[in-house]
Amino acid sequence: MTVVENYGSLVFNDRVMKNKLPKDIYKAIRKTIDNNTHLELDVANAVAVAMKEWAVDHGATHYTHWFQPMTGATAEKHDSFISPTGEGEVMMEFSGKELVKGEPDASSFPSGGIRATFEARGYTAWDPTSPAFIKDKTLYIPTAFCAYSGEALDKKTPLLRSMQALSRSATRVLHALGKKEVTAVMTTVGPEQEYFLIDKEDFKKRKDLIFTGRTLLGAKPPKGQEMEDHYFGSLKPRVAAYMHELDEELWKLGVPAKTKHNEVAPCQHELAPVFDTTNVAADHNQLTMEVMKKVADKHGFVCLLHEKPFEGINGSGKHNNWSMTTSQGDNLLNPGKTPAENIQFLVFLTAVIAAVDNYADLMRLSVASAGNDHRLGANEAPPAIMSMFLGEELTEILEAIEQDAFFYKHDKVQLETGAIVLPHFVKDTTDRNRTSPFAFTGNKFEFRSLGSSLSVSGPNVVLNTAVAEALDHIYEKIKDAAEDQLEQRLHEIIKDAIIRHKKVIFNGNGYTEAWIEEAQERGLYNYPSTPDVLPVFIEKKNVELFLKHQVFTESEIFSRYEILLEEYNKTIHIEARTLIDMLQHEFLPALRKTIESYVQLAGEKKALSDRLPLDLELELIESFSGQYEQIFDGLKQLTEDTTKAEGMEDQLTAAHFYKETILTEMDKIRRIADQAEAGMPKELLPYPTYADILFYV
Ligand code: ADP
Ligand code: MG
């Protein structure tokens, strides 16, 4: 099969629908997909029949509603198509009702108190805007997941609601600007996914990786990433074979995997698809993470999606490239050749600036997790302070507007490489800034703070809703403007917004201490950790935002806040218990053996002759014994405090305790253990070291 034939071969996509569905049904479903209209049951029935036939032709025996509960993973419950005929035979059946609605037992999914355990009923509802696909002989139907009461228990529902909100607000503004032909505005997302690939055999020997996804112990290898020789380096054959199969599997599923390369850290790689509508991109990213793990297993690898699998080595993020496109296919963040004269672009840019400034706290919240706390603010990922990068040209345009000055357009500059044989091309008008959490990159924004394992839903819910709100403010000011006043009015709005919101624009280096101070002077939010930022979810201004745009109900917000807190606490609880287990059962016994081996050696030397020097053995025995004692004491304290944390009633208090006490204690133990590890004989080490894992793939 060629790549083109292979692509989307397991997807019930537009082409298949066009072929399989009666014309009027096809039209009806297209209308639902393109314009968010309601879908009638007779349409669903016809689609179900076509879907089943297509799926059975492709070897499927089962179907599943596929949904994204608040665990961050995906969930599925398989039913077969078979239906007994009564004569000992079966038929393959699938109805519109089965397509549209499922009833999985919801009682064991996190609900943050929305649903009492006795109200086990939950519903899944077909999302016709995201295409169904076949995986493992099963037809996967993307669905939303909600409680009996209608409240969302998943990540997809609020995302769809936020897309609707943005579409409504953006369309109104475009109509006011004279673009009456626009019927909807879609947000688009292209997520760049970072990951680590390590050998399965190494993985299996490390409880910390198995239980927590990150190493809790491990001395620095002699070589780290300081040579920067891995970034964009040539692919090792084993890794190349993996990436190749990964691409093929993703293509079959209609995921447009496009770019792949090695990342900064050893064993770290990246994959980026071509962007898509946010909802589809979110589903595809969940699918990508799943397929990455599955294909890794086949190649004897384990794919690590944790934000910080190895201390001292770069962690993994996910860059959320985001923009808005009209029903006519125009990218609203495309500045065109002359951005200074492109008033529509400037209006939408202004809305994004206002949104980020007003809701930077929610943006920070949307990327908060125990794993991501190891990245944000460390010198390798964007800082925890949210600011935005616009680049030289746009910043100058905005300054000119602010000062009522004239903007002199930059001429595009030819890139001079100095080598005559190289083709000449025109430079971008602005360089990149890798230290900004939210950077304009030509025709889209790149939200760079997401952790690698995060669903992209949350961050996009915040972006969409905050921008919708900013657009509503603009709309209020232009809706009654007479045609000949409109331009002046828009100019005033843009100017006013720049003055009020320019504090969030920062084009400098976000990694410096000076920026932290400056950001504080500017009055920007700075929430270093997850427990610090979680309460902003339930702050009045933010609750009001979500309520107004009908993205969350009040109880959905509070339940999500509870779920996030619980998830944070549970994550660190498991980490602490894993560390305790590893120290007790593996590390301390190995350290004791190390001490014993030197005691034995000293004894043997002494027996041989009184004149042999024992200084070295004694020194090692003393140093290892000291470490043993310190670790032992730390372990006792950690065990006590972990039990204490578990008993805490108030989850926020517990979260701060986990962060300030438990993590600090874990870190303290680790320092000593890593020192000891560096001096221990290799054959006594109970698990593969950083050097083993990172440099032998
Ligand atoms: P980088 O140079 O940032 O590593 P990549 O090429 O790896 O860039 O990724 C850029 C991502 O941005 C791709 O997924 C691409 O499809 C996506 N992208 C491009 N245009 C848009 C857009 N208008 N909306 C959303 N995403 C976009
Ligand atoms: Mg990028």
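Read the numbers this way: they start at 1 and go in the same order the structure lists the ligands and their atoms.
Remark: the Ser369 side chain and the Glu307 side chain contain no N/O donor-acceptor pair separated by less than 3.5 Å. Looking only at atom types and distance, the side chain of Glu392 has no donor-acceptor partner in the side chain of Asn507 under 3.5 Å away. For the residue pair Gln164 / Asn464, no side-chain donor-acceptor distance below 3.5 Å is found, with atom types taken as modelled.
Contact atoms of ligand 1 toward Val274: 16 (O) (distance under 4.0 Å to a heavy atom of the residue). Against a heavy-atom cut-off of under 4.0 Å, Ser323 is close to the following atoms of ligand 1: 22 (C), 23 (N), 24 (N). Atoms of ligand 1 lying under 4.0 Å from any heavy atom of Asn331, numbered from 1 in the order shown and given with element: 23 (N). Ligand 1 places these atoms under 4.0 Å from at least one heavy atom of Glu446: 3 (O). Against a heavy-atom cut-off of under 4.0 Å, Asn321 is close to the following atoms of ligand 1: 10 (C), 11 (C), 12 (O), 17 (C), 25 (C), 26 (N).
A cation-pi arrangement is absent between Arg364 and Tyr527 under the rule of less than 6.0 angstrom and at most 45 degrees off the ring axis.
By the criterion of a heavy-atom distance under 4.0 Å, neither the backbone nor the side chain of His319 is placed next to ligand 1.
Ligand 1 lies out of reach of Lys258, whose nearest heavy atom is not under 4.0 Å from it.
Here Glu290 pairs with Lys135 in a salt bridge; the nearest charged N to carboxylate O distance falls below 4.0 Å. The existence of a salt bridge linking Lys548 and Asp472 is confirmed by a sub-4.0 Å separation between a basic side-chain nitrogen and an acidic carboxylate oxygen. The existence of a salt bridge linking Arg238 and Asp199 is confirmed by a sub-4.0 Å separation between a basic side-chain nitrogen and an acidic carboxylate oxygen.
Not one N or O of Thr259 is nearer than 3.5 Å to an N or O of ligand 1, by distance alone. The shortest N/O to N/O separation between Ala272 and ligand 1 does not fall below 3.5 Å. Residue Glu192 has at least one N or O atom closer than 3.5 Å to an N or O atom of ligand 1. In terms of N/O distances under 3.5 Å, ligand 1 is approached by Phe275.
The two atoms that bring Asp154 and Phe145 nearest to each other are OD2-N, 2.8 Å, heavy atoms only.
Between the choices Ala439, Gly442, Pro273, the shortest heavy-atom distance to atom 13 (C) of ligand 1 belongs to Pro273.
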